[in-house]
Protein chains: 2
Amino acid sequence: MKKYNIPVEAALEVIGGKWKVVILCHLIKNERRTSELKRLMPGITQKMLTQQLRELEEDGVLDRVVFNQVPPKVIYRLTDYGWSLMPALDMLCAWGEQHIENTYPDKSEVLLEETELQQI
Amino acid sequence: MKKYNIPVEAALEVIGGKWKVVILCHLIKNERRTSELKRLMPGITQKMLTQQLRELEEDGVLDRVVFNQVPPKVIYRLTDYGWSLMPALDMLCAWGEQHIENTYPDKSEVLLEETELQQI
DNA sequence: CGGAATCCAACACGATACTG
DNA sequence: CAGTATCGTGTTGGATTCCG
């Protein structure tokens with residue numbers, strides 16, 4: 001059985017993946033289709049996206065909802081358990097914004113706006 | 001210049017390392033000597049510890065304080081900027097504890113207590 | 001559209017040995 | 001005690017292709 005030296009390690013096991021926090025932050029704002037997630041995360045590959053989503057699903061923080069139709073449609077959304085992560089994720093997002101402000105006073109230089117993402 | 005698609009990526013760049021959150025959580029409770037950190041994180045290697053500490057130092061979230069004496073003594077402690085991460089880290093730790101409770105109702109099975117760590 | 005399955009490269013990480 | 005250096009590896013993750 002897995003041993004943790006400090007409880008936060010258990011949290012890292014769930015959200016520690018390279019893209020997991022980003023995925024969860026997007027799902028906080030909205031449930032999303034696979035293609036939407038891909039658009040929102042231009043850097044991620046199909047493989048990684050699926051992989052990270054599967055792991056998050058196994059850990060019970062998000063649900064994969066399949067619509068049986070053609071063309072296929074799949075949406076991902078937080079479970080109740082996933083929502084319990086929101087406070088922590090929120091604080092992290094807020095800190096990220098602050099950190100960008102501090103590091104690059106002209107925020108517009110580093111942040112890809114939603115409108116830009118649309119075009120990708 | 002680095003581009004972020006979502007602000008939280010900036011936070012992940014700082015605390016995204018494999019051991020960084022754990023290190024920071026320890027430093028929230030106390031400033032620590034190198035050897036103490038090693039003891040608190042039995043799984044980490046000397047190399048990784050130094051590496052992660054250096055990166056955290058570069059990002060300005062912790063200070064490395066060297067005492068010029070023999071034998072050498074170095075302590076690490078959060079900077080003011082590092083303390084600004086505390087709310088997020090706290091929430092994460094709390095969630096980790098909850099997650100352990102939920103996953104393994106008998107918490108004592110999975111958590112290495114401080115007393116056990118002393119002996120390592 | 002969403003995903004599985006390859007194959008392959010990079011590099012993150014560990015083990016070890018050595019220094020001041 | 002704290003830290004560097006070196007080397008070897010194995011997981012991680014990317015590119016590509018194929019499938020329902």
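Residue numbering restarts at 1 for every chain, and letters A, B, ... go by the order of the sequence lines.
B:Met48 has its CE atom 9 Å from the P atom of C:dA12, to the nearest Å. For the pair B:Lys20 NZ and C:dA12 C1', the interatomic distance rounds to 12 Å; values are reported in whole Å. If you take CG of B:Leu37 and C1' of D:dG3, they are 14 Å apart, rounded to a whole angstrom. Computed from coordinates, the A:Trp19 CH2 to D:dT12 C1' distance equals 13 Å when rounded to whole Å. Counting to the nearest Å, the C1' atom of C:dG20 and the CD atom of B:Gln69 are 15 Å from each other. Here D:dG14 presents its C1' atom at 16 Å from CE of A:Met41, a figure rounded to the nearest Å. For the pair B:Arg39 CZ and D:dC1 C1', the computed distance is 15 Å after rounding to whole Å.
Sorted by first then second residue, the side chain to side chain donor-acceptor pair (under 3.5 Å) pairs that include residues 80-91 of chain A, not counting sequence neighbours, are A:Tyr81-B:His99, A:Tyr81-B:Asn102, A:Ser84-B:Trp95.
Under the 4.5 Å side-chain contact rule for hydrophobic residues, A:Ile28 and A:Ile23 share a cluster. Under a hydrophobic-cluster definition in which Ile, Leu, Val, Met, Phe, Trp and Tyr are linked whenever side-chain heavy atoms come within less than 4.5 Å, directly or via other members, B:Leu24 and B:Leu49 are assigned to the same cluster.
Regarding contacts with the backbone of D:dG14, a side-chain N or O of A:Lys18 is found under 4.0 angstrom from either OP1 or OP2.
Atoms CE and CG, from B:Met91 and A:Leu89 in turn, are 10.0 Å apart once rounded to the nearest 0.5 Å.
A 4.5 Å side-chain heavy-atom check between A:Leu92 and B:Ile15 finds at least one atom pair inside the cut-off.
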Please list, one pair per line, the donor and acceptor atoms closer than 3.5 Å that link side chains of residues 53-71 of chain B to other protein atoms, with sequence neighbours excluded.
unit_1: B:Glu55; atom_1: OE1; unit_2: B:Lys20; atom_2: NZ; d: 2.6
unit_1: B:Arg64; atom_1: NE; unit_2: B:Tyr76; atom_2: OH; d: 3.4

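Checking A:Gln52 against B:Ile75, the closest nucleotide of DNA chain D that is more toward the 5' end is the one next to B:Ile75.
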Quick one: which protein N/O atoms are closer than 3.5 Å to N/O atoms of nucleotides 2-4 of chain C? Pair and distance per line, please.
unit_1: C:dG2; atom_1: OP1; unit_2: A:Arg33; atom_2: NE; d: 3.1
unit_1: C:dG2; atom_1: OP1; unit_2: A:Arg33; atom_2: NH2; d: 3.1
unit_1: C:dG2; atom_1: OP2; unit_2: A:Ser35; atom_2: N; d: 3.1
unit_1: C:dG2; atom_1: OP2; unit_2: A:Ser35; atom_2: OG; d: 3.1
unit_1: C:dG3; atom_1: OP1; unit_2: A:Arg64; atom_2: NE; d: 2.7
unit_1: C:dG3; atom_1: OP1; unit_2: A:Arg64; atom_2: NH2; d: 2.7
unit_1: C:dG3; atom_1: OP1; unit_2: A:Tyr76; atom_2: OH; d: 2.7
unit_1: C:dG3; atom_1: OP2; unit_2: A:Thr34; atom_2: OG1; d: 2.9
unit_1: C:dG3; atom_1: OP2; unit_2: A:Tyr76; atom_2: OH; d: 3.2
unit_1: C:dG3; atom_1: N7; unit_2: A:Gln46; atom_2: NE2; d: 3.1
unit_1: C:dA4; atom_1: OP1; unit_2: A:Arg54; atom_2: NH2; d: 3.2

